[in-house]
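Whatever order the structure lists them in is the order used to number ligands and atoms, beginning at 1.
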Amino acid sequence: MSSFIPVNEPLLNGNEKKYLNKCIKTGWISSEGPFVSQFEEQFSARVGKKYGIAVCNGSVAIDAAIAALGIGQGDEIIMPTFTIISCAAAVTRAGAVPVLVDCNPITWNMNVNEIESKITPRTKAIMVVHIYGLPVYMDSVVKIANKYGLKIIEDAAESHGQFYKNKPTGSFGDISTFSFYPNKHVTTGEGGMILTDDENLAEKCKSLRNLCFQPQRRFIHEELGWNFRMSNIQAALGVAQLERLDEFVSIKRNMGKKYTELLSDIDCIELPLAKTDYAENIYWVYGIVLKESVPFDAEEAMKKLTEKNIGTRPFFWPMHEQPVFHKMGLFNDESHPVAERLARRGFYIPSGLTLTEDQMEQVAAKLREIF
Ligand SMILES: Cc1ncc(COP(=O)(O)O)c(C=O)c1O
């Protein structure tokens with residue numbers, strides 16, 4: 001029997017070891033080492049933003065971004081229902097209310113046509129989340145944000161190296177966030193980044209990341225922050241990975257192309273769009289949606305594939321269907337049918353940077369067997 005094909009594996013064969021050895025040799029292993037600022041500078045330059053604030057993961061980056069914007073009790077943030085819990089969790093933790101919109105069925109990103117009708121006097125921001133490799137349709141988001149004076153929080157966790165009409169994703173937000181979990185194009189093991197052009201927001205994020213210690217009187221606090229710091233060890237990995245971002249994007253695009261060639265004649269599944277008129281897919285993951293003609297759902301399909309040694313992951317489960325939010329009295333009577341269908345019919349197949357053509361062929365063959 002062929003060996004298990006994992007859903008993701010990072011590629012760490014560049015300068016990672018060399019830079020990690022440097023951390024050990026010099027003793028710079030905490031957040032005070034030089035790789036942290038190097039990673040911040042290089043990553044923010046790559047996205048074209050003035051300030052980068054490295055943090056310990058992509059989830060807390062969103063908490064800090066919301067806090068830095070001063071969004072809190074009773075404020076509303078318009079955001080997609082089809083995303084990771086981190087986004088809505090950060091909003092509710094801040095005391096604010098997530099106001100949800102459904103997905104575009106073709107790109108799986110938030111349906112920007114729903115945003116304007118959700119605006120109320122309490123709306124403070126639009127949170128966009130670029131999902132699975134294609135960006136959100138930003139023209140509409142920017143237009144609406146400008147018209148109503150709303151902030152844009154851009155969660156580009158899955159969107160390293162992506163462009164929207166020649167402008168990097170992560171460069172649209174008043175504040176943008178990234179994750180460097182090992183399934184991302186650039187990984188630091190665990191890690192995240194906040195980007196902004198606004199010096200005040202950057203200072204605020206730096207302070208929030210570091211327990212709001214004060215420069216002059218370190219242990220006297222005017223405000224409460226968190227320890228969200230990234231270590232020099234993590235940043236060392238990040239610097240080595242960032243050197244290869246273009247190569248990684250190209251590997252993923254080749255993966256996307258190859259999978260599409262292998263799978264496009266299977267009539268009962270929907271495949272990710274290779275491109276739109278504003279972006280080319282970077283295939284953070286290669287998602288598949290089962291059409292109605294398939295007599296089983298994504299959960300069953302994933303079970304069948306696991307039995308055949310193929311790793312998979314389910315699509316996100318929508319925020320309006322999360323028990324934790326129902327218990328908080330949120331979203332009880334909401335329905336967002338596109339996201340509900342994606343959650344039940346969608347999953348992704350092995351999509352890591354180490355995946356070989358031979359493995360992709362095996363995945364395709366096993367997919368054929370289960371249909
Ligand atoms: C869109 C999105 N936002 C935020 C996160 C959270 O990032 P982290 O896992 O680094 O906390 C992820 C993680 O996959 C994500 O996909």
Side-chain angles (χ1 to χ4, degrees), residues 7-10 39 43 47 52-66 77-94 98 100-101 103-104 107-110 125-136 138 141 152-162 164 169-170 172-173 175-195 205 209 226-231 234-235 237-238 241 252 272 281-287 312-319 322 339 342-343 346-348 351-353:
V7 78
N8 178 71
E9 264 181 320
F39 187 42
F43 196 84
V47 182
I53 301 96
V55 291
C56 53
N57 59 62
S59 302
V60 301
I62 306 171
D63 284 278
I66 290 171
I77 298 183
I78 298 173
M79 56 172 290
T81 189
F82 188 67
T83 183
I84 193 165
I85 192 80
S86 315
C87 306
V91 175
T92 54
R93 270 197 293 265
L100 304 176
V101 303
C103 309
N104 174 313
T107 65
W108 309 336
N109 272 303
M110 76 195 289
I126 303 168
M127 184 190 292
V128 298
V129 186
H130 306 299
I131 296 283
Y132 297 165
L134 276 176
V136 173
M138 291 307 297
V141 175
I152 297 176
I153 302 167
E154 186 180 3
D155 181 354
E158 305 172 2
S159 198
H160 308 179
Q162 178 57 293
Y164 176 94
T169 47
F172 290 86
I175 197 157
S176 309
T177 60
F178 289 82
S179 160
F180 303 117
Y181 190 71
N183 58 6
K184 304 302 187 298
H185 283 57
V186 165
T187 184
T188 60
E190 299 284 351
M193 183 82 75
I194 305 165
L195 299 184
C205 287
R209 159 181 80 174
W226 297 275
N227 177 353
F228 285 167
R229 300 184 298 257
M230 175 185 274
S231 77
Q234 292 165 307
L237 275 179
Q241 289 266 295
K252 288 281 201 152
N281 207 327
I282 55 162
Y283 299 99
W284 172 54
V285 293
Y286 196 93
T312 55
R313 282 283 181 289
F315 271 13
F316 293 131
W317 199 256
M319 294 304 105
Q322 296 290 346
L342 289 177
F347 63 96
Y348 57 91
S351 312
L353 286 163

Quiz item: Do you know which of His160, Gln234, Gln241 makes side chain to side chain contact (heavy atoms under 4.5 Å, CB included) with Phe180?
Solution: His160
Quiz prompt | Heavy atom of Gly192, distance to ligand 1 below 4.0 Å | solution = no
Exercise. Please state which part of Ser59 comes within less than 4.0 Å of ligand 1, counting heavy atoms only: side chain, backbone, both or neither.
Key: both
Quiz item: For ligand 1, which atoms, with element, lie under 4.0 Å from some heavy atom of Gly58?
Solution: 6 (C), 7 (O), 8 (P), 10 (O), 11 (O)
Practice problem: Do me a favour and list the nearest non-hydrogen protein atom to atom 16 (O) of ligand 1 with residue, atom name and distance? | Solution: Glu158 OE2, 2.6 Å
Quiz item: Any idea which protein heavy atom is nearest atom 3 (N) of ligand 1, and the distance to it?
Solution: Asp155 OD2, 2.6 Å
Exercise. Consider every N or O of Ser86 and every N or O of ligand 1, then say whether any pair is closer than 3.5 Å.
Key: no
Practice problem: May I ask you to identify, for Asn57, whether its side chain, its backbone, both or neither come under 4.0 Å of ligand 1 on a heavy-atom basis? | Solution: both
Quiz item: So do Leu237 and Thr187 actually touch side chain to side chain, heavy atoms under 4.5 Å?
Solution: no
Exercise. Check each of Ile84, Thr177, Thr187 against atom 5 (C) of ligand 1 and report the one with the nearest heavy atom.
Key: Ile84
Quiz item: Taking C-beta and beyond as the side chain, do Val7 and Tyr348 meet within less than 4.5 Å on heavy atoms?
Solution: yes
Quiz item: Quick check: does Ala157 get an N/O under 3.5 Å from an N/O on ligand 1?
Solution: no
Quiz prompt | Nearest-0.5 Å distance, CG of residue Leu100 to CE of residue Met110 | solution = 9.5 Å
Quiz item: Counting both backbone and side chain atoms, is some N or O of Tyr181 under 3.5 Å from an N or O of ligand 1?
Solution: no
Quiz item: How far is atom 9 (O) of ligand 1 from its nearest protein heavy atom, and which residue and atom name does that atom have?
Solution: Ser179 OG, 3.9 Å
Quiz item: Is there a donor-acceptor contact under 3.5 Å from the side chain of Ser351 to the main chain of Tyr286?
Solution: yes
Exercise. Could you tell me whether the side chain of Gln322 and the main chain of Trp317 form a donor-acceptor pair under 3.5 Å?
Key: yes
Exercise. Over all heavy atoms of both residues, which pair between Met79 and Cys87 is shortest? Give the atoms and the distance, please.
Key: CE-CB, 3.6 Å
Self-check item: Close side-chain approach of Val60 and Trp226, heavy atoms under 4.5 Å
Solution: no
Quiz item: Which atoms of ligand 1 have any heavy atom of Val129 under 4.0 Å away?
Solution: 1 (C)
Quiz item: According to the interplanar angle, ranging from 0 to 90°, do the rings of Tyr132 and Phe315 count as parallel (below 30°), tilted (30 to 60°) or perpendicular (above 60°)?
Solution: tilted
Quiz prompt | Location of contacts on Lys184 toward ligand 1, heavy atoms closer than 4.0 Å | solution = side chain
